[in-house]
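In this text the structure is predicted, and so the values were computed from the model without any measurement. Numbering of residues begins at 1 and proceeds along the displayed sequence.
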Amino acid sequence: MFRLWAKIYKDNHMLRDTVIENSADDTRTHKVFQALDDICYAFDLGKPLWLDITIRDFQKHAKARFTQDNFIETIDFDYLEIQIIQED
């Protein structure tokens, strides 16, 4: 089972969160990208860009923050944070 937790923050307060589960027999990268697609659909967001710093943070900590720099359109929150909470 693969579980990814997504949270939207504004002014240091969590506004929304969701957990995406994926039990498919797929690579970790594909599971992360699919979960991010599901998160963007659930939160009605455009897909964020993976900047170099975002990739490094995710590889190092299994956690990444997407700020306004990662989105093409304007967002009304400070950042979207994703974190892997289960990986079997």
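- Counting only N and O atoms by type, the side chains of Thr67 and Asp78 include no donor and acceptor under 3.5 Å apart.
- To the nearest 0.5 Å, the span separating CZ on Arg56 from NE2 on His61 amounts to 11.0 Å.
- A 4.5 Å side-chain heavy-atom check between Phe77 and Leu45 finds at least one atom pair inside the cut-off.
- Two residues are said to be in side-chain contact when any heavy atoms from C-beta on lie closer than 4.5 Å; Ile39 and Phe43 meet this criterion.
- The shortest side-chain heavy-atom distance between Phe71 and Leu80 falls under the 4.5 Å cut-off.
- Counting heavy atoms from C-beta outward, Phe2 and Ile84 have side chains that approach closer than 4.5 Å.
- Contact detail for Lys31 and Asn22: the closest heavy-atom pair is CG-ND2, 3.7 Å.
- No donor-acceptor pair under 3.5 Å is formed between the side chain of Gln86 and the backbone N or O of Leu4.
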**Request:** List the steps, then state whether side-chain contact (heavy atoms from CB on, under 4.5 Å) holds for Ile82 with Phe58.
**Result:** CA-CA 9 Å; Ile82 62 171; Phe58 192 75; 4.0 Å; yes
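- Taken together through direct or relayed side-chain contacts under 4.5 Å among Ile, Leu, Val, Met, Phe, Trp and Tyr, Ile55 and Leu36 form part of one hydrophobic cluster.
- Here the closest non-hydrogen pair linking Ala42 and Arg16 is O-NH2, 3.4 Å.
- The existence of a salt bridge linking Lys63 and Asp57 is excluded, since no basic side-chain nitrogen approaches an acidic carboxylate oxygen closer than 4.0 Å.
- Met1 and Ser23 get closest at one heavy-atom pair: CE-CB, 4.1 Å.
- The shortest side-chain heavy-atom distance between Thr54 and Pro48 does not fall under the 4.5 Å cut-off.
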Under 3.5 Å, side-chain donor or acceptor atoms of residues 7-15 against the rest of the protein: list the pairs with distances, not counting sequence neighbours.
unit_1, atom_1, unit_2, atom_2, d
Lys7, NZ, Glu81, OE2, 2.9
Lys10, NZ, Asp76, O, 3.3

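- A distance of 8.5 Å separates CZ in Phe66 from CG in Leu51, rounded to the nearest 0.5 Å.
- Side chain of Gln68 to backbone of Ile75: a donor-acceptor contact under 3.5 angstrom is found.
- The 12-atom threshold is exceeded at CH2 of Trp50, counting heavy atoms of other residues, nucleotides or ligands nearer than 6.0 Å.
- A distance of 4.5 Å separates CD1 in Ile20 from OG1 in Thr18, rounded to the nearest 0.5 Å.
- For Cys40 against Lys47, the heavy-atom pair with the smallest separation is SG-CA, 3.9 Å.
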